[in-house]
Structures are given as C-alpha cells and as structure tokens.
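Data block below; observations after.
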Number of protein chains: 2
Amino acid sequence: MPKRRTLPYILLGLIHSNQQMTGYQMMQEFKHEISDFWTASHSQIYPELQRMADDGWIRPLALGKKVASKRNQTYYQVTTTGEQVLTEWLETPLTANDDELFPLKLFFIDDQNSKLLPPLISRQLELSTERRNYLRHRMTTVFPNQTAIQAHYGHYLTLSRGIERESNYVSWLKKLDAEMKR
Amino acid sequence: MPKRRTLPYILLGLIHSNQQMTGYQMMQEFKHEISDFWTASHSQIYPELQRMADDGWIRPLALGKKVASKRNQTYYQVTTTGEQVLTEWLETPLTANDDELFPLKLFFIDDQNSKLLPPLISRQLELSTERRNYLRHRMTTVFPNQTAIQAHYGHYLTLSRGIERESNYVSWLKKLDAEMKR
DNA sequence: CCGTACATGTAATGTGTTACATGATTTA
DNA sequence: TAAATCATGTAACACATTACATGTACGG
C-alpha cells in the first residue's frame with residue numbers, strides 16, 4: 001500500500017546508485033528490478049523529477065557532461081542536498097507500519113560495509129519476529145480446534161501461509177544478521 | 001499496490017463469510033485479520049457499503065432481524081446478486097498482475113471442498129513458479145560475478161531475498177496443491 | 001515506410017489517507 | 001464522571017492509473 005512520499009526517495013536512490021539517469025531509465029528499473037516491491041509509471045516519474053529538481057535534491061545535467069547524450073533525454077544527478085536527504089531517509093528506523101520500506105532501503109545501500117546495513121537488518125529482524133509471533137497468536141485464538149478450521153478454511157490457509165512466510169523471512173534475516181556481525 | 005475496485009469484493013466476501021456484519025466489524029477485520037494483505041479505513045468502508053447497497057449487492061437488515069441490535073449500527077447481508085458477483089470474482093483466474101489478489105480470494109473460500117479452491121491454488125503455483133524463475137534469471141544476468149555483487153550489494157540482497165521468498169511460496173503451494181488432489 | 005522502442009509531457013479520473021464531526025455506550 | 005470504545009458519517013488532500021498527446025530513432 002502506497003506510503004506518503006516514498007517515490008522521491010526511490011528516484012533519489014536510483015540516481016545515486018547509478019551516478020546519472022534519465023526518467024526513462026528509471027521507468028525501466030521499476031519494470032525490471034523494483035517491480036517486486038514498488039511500481040511507478042512515467043506519468044508519476046517525470047513531474048516528480050521536476051519537483052525534486054525545484055527542491056534542489058537533483059540537478060539536470062548539462063549536455064556536454066552527459067554520457068552518450070542523444071535525443072531529448074534529460075540526465076539527472078544527485079546534489080549534495082539530495083545525498084543528505086537520501087542518507088537521512090535510509091537512517092530513519094523502520095516502524096511496524098513502515099515495514100514494507102525495508103527491501104526498498106536495502107536496495108539502495110550499495111556498499112557491503114555501509115554502517116547503515118547492520119541496524120536496518122536487525123531492526124527488520126525485530127519487526128518480522130514480532131509479526132510472526134502475532135500471527136502465531138492469532139492462529140491459536142482464531143483456530144483453537146478443527147471445527148473452527150472447517151468453518152473458515154480459506155482464512156485458516158491464509159493465516160498458515162502468513163506464519164510460514166514470516167518464519168522464512170525471520171530465518172533469512174537471522175542468517176544475514178549473523179553474517180553482518182562477523 | 002491498490003488495484004481498481006478491490007475493496008467492494010473484500011467487503012462482500014466478509015459479509016458473506018459472516019452472514020451479517022456492520023461497517024465497524026469490517027473495520028476490525030481489516031485491523032486484525034486482513035492487515036497482512038489489505039487495509040481500509042472506516043472513511044472508505046462506509047461510503048462503499050452505501051454504494052454497494054445502491055447497486056443491490058448487499059442490503060441493510062431490518063432492525064427486527066438483527067442479532068443483538070443495539071445502538072445505531074447497520075447490519076448488512078449479501079443479496080442473491082451479491083453472491084453471484086462474489087462467485088464471479090472468485091472464479092476469475094489470476095493473472096501475473098493480479099497475483100496479489102490470491103490471499104484475498106483464498107481468504108473468502110470457507111468450504112474446504114469448494115470447487116473454487118483447486119484451480120485458484122494451482123494457478124497461483126504457476127504464477128509463483130514463473131516469478132521465481134524470472135528472479136533466478138535476473139540474478140544470473142544482473143550479478144554474473146563477484147564484482148557486480150560488490151558494486152550493488154543491497155540490490156543483490158533484495159534479489160536473493162526475492163528468490164528465497166518465492167521459492168518458499170512455491171513449496172507451500174506445491175504441498176497444498178498435492179493435498180487438494182488427494 | 002512502417003512498426004516498435006525511445007523519450008517526455010499533461011489531463012482526467014480513480015483510489016486512499018487524514019482530518020473534521022457527532023453522538024451513544026461501556027468501564028474504571 | 002471521565003476516558004475509552006463503539007458507531008457512523010463527510011470533506012480536504014495526497015497519491016496512482018489511465019488516457020491523451022507529441023515527436024525522434026532505428027530495424028526490417
């Protein structure tokens with residue numbers, strides 16, 4: 001579900017990771033790499049880029065500086081202000097509602113040794129563990145016996161799946177968290 | 001990400017599963033049971049219920065028929081038309097874009113022996129397998145060597161996680177699909 | 001030369017969140 | 001009797017999708 005003002009941070013992260021990018025290239029990234037956790041169409045991207053440029057987060061590149069600049073493309077680069085904004089966003093700890101921003105933030109941390117990585121992962125491990133425990137608790141209260149399961153079998157299956165999914169997430173995060181500490 | 005006109009089907013499914021419900025009760029369900037795959041606030045629910053009643057999908061219950069009717073609550077019940085609409089929605093096969101409707105539709109199939117269950121599950125198994133294969137393919141093309149991984153470590157991790165998540169999903173669906181066929 | 005992909009932009013519409021508003025009932 | 005919860009509703013605003021619109025570059 002779309003959280004407020006996430007798109008500009010994604011665009012900022014994309015440009016930052018790739019040094020310089022056009023709106024069209026960002027569109028492609030959304031299709032191929034980011035589709036798993038976010039979507040955006042070109043009609044969202046282009047106006048947003050203009051707003052970000054107005055706010056000084058990014059700057060359009062002069063023609064001479066462009067890498068293979070043909071046609072009417074506009075390459076953007078992150079400004080110093082933009083870098084600060086991005087870092088602040090990445091540093092902001094996840095909350096229970098924020099949760100789905102994890103893969104997004106993770107996506108934009110390029111350096112394996114970044115100091116942003118360990119706290120991000122351990123925080124998500126906390127949140128996923130909490131959620132798994134909550135789902136387990138729901139299972140015992142909503143489906144205490146076989147009769148309850150038979151009355152709402154689909155609901156039972158979705159809850160089972162939720163527990164399975166979150167357990168798998170916790171395992172993966174634990175492994176990664178342990179690796180980080182080595 | 002919010003798909004067009006999903007909320008009314010969820011409300012329809014909720015009322016249908018529980019025989020009769022008030023808007024407030026639906027709100028609670030969103031908080032406790034459905035939060036994992038959908039959210040809706042009361043300011044969305046109440047107008048939507050009125051629209052659905054106007055369209056003849058549901059009908060407000062007369063006071064006398066209400067179970068423990070106090071206060072100014074309005075209980076709704078699914079009409080015959082509404083039942084048809086719900087069944088049609090549940091029968092509509094999932095597509096690659098629709099994908100995230102799976103847990104939602106599953107949630108509303110109460111009967112373990114429903115004929116809707118096997119095709120829904122086997123279709124989702126197809127889609128998840130496709131997605132897992134796609135992600136695996138991305139991994140080999142985007143990260144062919146250690147250097148590529150080091151340049152965009154976060155991206156590498158999110159892709160790894162995607163493959164892990166989807167593999168886990170496929171396993172779960174395969175198990176369920178096999179059970180269905182017994 | 002025709003279709004597809006590149007490349008950008010705006011407008012209309014649909015959907016969702018937050019804020020504003022009111023009043024009844026229950027519990028401490 | 002005050003606070004929390006129940007219960008419903010509307011309005012303003014933020015965000016996303018679809019449609020409309022234009023033009024370039026390239027491959028068959």
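Proteins get letters first, then strands, A, B, ... in listed order; numbering begins at 1 in each.
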Can you tell me if A/Y46 has over 12 outside heavy atoms packed within less than 6.0 Å of its OH?
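Yes, enclosed.
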Take atom [atom1] of [X] and atom [atom2] of [N], then tell me their distance rounded to the nearest Å.
{"X": "B/M26", "N": "D/dA7", "atom1": "CE", "atom2": "P", "answer": "12 Å"}
{"X": "A/F30", "N": "C/dT8", "atom1": "CZ", "atom2": "P", "answer": "14 Å"}
{"X": "B/E48", "N": "C/dG16", "atom1": "CD", "atom2": "P", "answer": "9 Å"}
{"X": "A/Y46", "N": "C/dA7", "atom1": "OH", "atom2": "P", "answer": "8 Å"}
{"X": "A/K31", "N": "C/dA7", "atom1": "NZ", "atom2": "C1'", "answer": "12 Å"}
{"X": "B/L7", "N": "C/dG16", "atom1": "CG", "atom2": "P", "answer": "7 Å"}
{"X": "A/M27", "N": "C/dA7", "atom1": "CE", "atom2": "C1'", "answer": "8 Å"}
{"X": "B/Q25", "N": "D/dT5", "atom1": "CD", "atom2": "P", "answer": "17 Å"}

Taking OP1 and OP2 of C/dT17, is either one under 4.0 Å from a side-chain nitrogen or oxygen of B/T39?
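So the side-chain polar atoms of B/T39 do come within 4.0 Å of the phosphate oxygens OP1 or OP2 of C/dT17, strictly under.
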State whether a side-chain donor-acceptor pair under 3.5 Å links [X] with [Y].
{"X": "B/D110", "Y": "A/Q150", "value": "no"}
{"X": "B/R138", "Y": "B/N133", "value": "no"}
{"X": "A/N168", "Y": "A/R132", "value": "no"}

Return whichever of B/Q28 or B/Q44 has its heavy-atom-nearest nucleotide of DNA chain D closer to the 5' end.
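Looking at DNA chain D, the more 5' nearest nucleotide goes with B/Q28.
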[X] side-chain proximity, nearest of [options]:
{"X": "A/R5", "options": "D/dT17, D/dC15, D/dT8", "answer": "D/dC15"}
{"X": "B/Q73", "options": "D/dT8, C/dT8, C/dT17", "answer": "D/dT8"}
{"X": "A/Y24", "options": "C/dT15, C/dA7, C/dT10", "answer": "C/dA7"}
{"X": "B/S41", "options": "C/dA7, D/dC6, C/dT17", "answer": "C/dT17"}
{"X": "A/N72", "options": "D/dA7, D/dT17, C/dT8", "answer": "C/dT8"}

Which part of the nucleic acid, if any, lies within contact of A/Q50, taking any heavy atom under 4.0 Å across all strands shown: a base, the sugar-phosphate backbone alone, or nothing?
sugar-phosphate
A/H155/B/F108 under ring-ring contact (aromatic ring centres under 6.0 Å, His included): CA gap, chis, key distance, verdict
CA-CA 7 Å; A/H155 183 176; B/F108 294 121; 9.2 Å; no
Does A/S43 contact D/dT18 through a side-chain donor or acceptor facing the base, at a distance under 3.5 Å?
yes
